[in-house]
Amino acid sequence: MTPSVAPAPSPSPTDVLAALFEYYGPPAPRQTNGPLAGLIQTILSQNTSDVNTDRAFASLWGTFGSWEAIRAAPTAAVADAIRSGGLAEIKAPRIQGVLHVIQQDRGELGLDFLAELPLDDARAYLTRLNGVGPKTAACVLLFALGMPAMPVDTHVHRVSKRLGLIGPKVSAEAAHQILEASMPPDQMYEAHMLLIRHGRVLCKALRPRCGACPLTAVCPKVGVEA
């Protein structure tokens, strides 16, 4: 009978980041076109690829040229402009609905005011918008505003569970605030980008490349059936 292998204790988030940073190097610098553009791009990114997102956003802006024109356009015209991003009939009214609410709330089409709010207040405003969940809000807060929010996609969720940074039954939605509370706030962007890269390169959903992993010595899943 083969003896069971005791799992390694879960590593600290700081140790995880240090090991991933040493292995992969620093992520590319954060770039943004502003929080409103970031929000619309993130809505467009739902259930599609980065290439399709970029194509759809370029088509949307090239067709209308301003947020007000997008807000006031016939919904069918907006859907036609973003069709390359998929789910156009869902995303077009969602985008226009967000723009209508922001205009009504603020008297202008912009989200720069979020930078002046505490993180939780900025998140609360975004998640009150129809179609904006925790991940979409966190993307806007982190990428467009540089706030210490942690977007949890499938890679971040999977890698965090395997490493024991979150519990095995923690949902992706619940993982946002757990990871935000445990990661160094000034390294949140690096943490997000490195966890995604690790999930894509080594810690894959199927057949993870544990032999090449810089975290093998501290990963609770190594040698243990998941």
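The figures that follow rest on heavy atoms only: side chains count, while hydrogens, waters and symmetry mates do not.
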In this structure, would [X] and [Y] fall into the same cluster of hydrophobic residues linked by side-chain contacts under 4.5 Å?
{"X": "Leu141", "Y": "Met193", "answer": "no"}
{"X": "Ile43", "Y": "Leu87", "answer": "no"}
{"X": "Met150", "Y": "Leu126", "answer": "no"}
{"X": "Ile90", "Y": "Val98", "answer": "no"}
{"X": "Leu145", "Y": "Leu142", "answer": "no"}

Looking at side-chain heavy atoms only, is the closest gap between [X] and [Y] below 4.5 Å?
{"X": "Lys169", "Y": "Lys161", "answer": "no"}
{"X": "Arg94", "Y": "Glu89", "answer": "no"}
{"X": "Leu165", "Y": "Ser182", "answer": "no"}
{"X": "Ile82", "Y": "Thr63", "answer": "no"}
{"X": "Leu215", "Y": "Leu20", "answer": "yes"}
{"X": "Val16", "Y": "Pro13", "answer": "no"}
{"X": "Pro151", "Y": "His192", "answer": "yes"}

Roughly how far apart are [X] [atom1] and [Y] [atom2], rounded to 0.5 Å?
{"X": "Leu99", "Y": "Leu39", "atom1": "CG", "atom2": "CG", "result": "8.0 Å"}
{"X": "Met188", "Y": "Leu17", "atom1": "CE", "atom2": "CG", "result": "9.5 Å"}
{"X": "Leu109", "Y": "Ile70", "atom1": "CG", "atom2": "CD1", "result": "9.0 Å"}
{"X": "Ile196", "Y": "Asp153", "atom1": "CD1", "atom2": "CG", "result": "4.0 Å"}
{"X": "His155", "Y": "Arg200", "atom1": "NE2", "atom2": "CZ", "result": "5.0 Å"}
{"X": "Leu179", "Y": "Leu195", "atom1": "CG", "atom2": "CG", "result": "7.5 Å"}

* Other residues, nucleotides, ligands: >12 heavy atoms within 6.0 Å of Glu173 CD -> no

* More than 12 foreign heavy atoms under 6.0 Å from CG of Asn130: is that the case here? -> no

* To do: Any chance you could lay out the side chain to side chain contact (heavy atoms under 4.5 Å, CB included) test for Ile95 and Leu44, step after step, and finish with the verdict?
  => CA-CA 9 Å; Ile95 288 168; Leu44 287 170; 3.8 Å; yes

Mind listing the closest non-hydrogen atom pair of [X] and [Y] along with its distance?
{"X": "Lys91", "Y": "Thr48", "result": "NZ-CG2, 4.0 Å"}
{"X": "Arg158", "Y": "Cys203", "result": "NE-O, 2.9 Å"}
{"X": "Ala174", "Y": "Ser171", "result": "N-OG, 3.1 Å"}
{"X": "Pro27", "Y": "Leu194", "result": "CG-CG, 4.2 Å"}

* Side-chain donor-acceptor pair present, Thr53, Asp50, cut-off under 3.5 Å -> no

* Is there a donor-acceptor contact under 3.5 Å from the side chain of Ser59 to the main chain of Ala56? -> no

* Structure fact -> ring pair (Phe, Tyr, Trp, His ring centres under 6.0 Å) filter on Phe21, not counting sequence neighbours, yields none

* Asked: With the threshold set at 4.0 Å, does a side-chain nitrogen-carboxylate oxygen contact exist between Arg197 and Glu190?
  -> no

* Which pairs with one or both residues in residues 96-123 pass side-chain hydrogen bond (donor to acceptor under 3.5 Å, both in side chains), sequence neighbours excluded? -> Arg71-His100, Thr75-Gln96, Asp105-Tyr125, Asp120-Arg123, Arg123-Glu180

* Structure fact -> Applied to residues 20-39, the side-chain hydrogen bond (donor to acceptor under 3.5 Å, both in side chains) test, sequence neighbours excluded, yields Tyr24-His198

* Asked: How are the rings of Tyr189 and Phe143 set to each other: parallel, tilted or perpendicular (split at 30° and 60°)?
  -> perpendicular

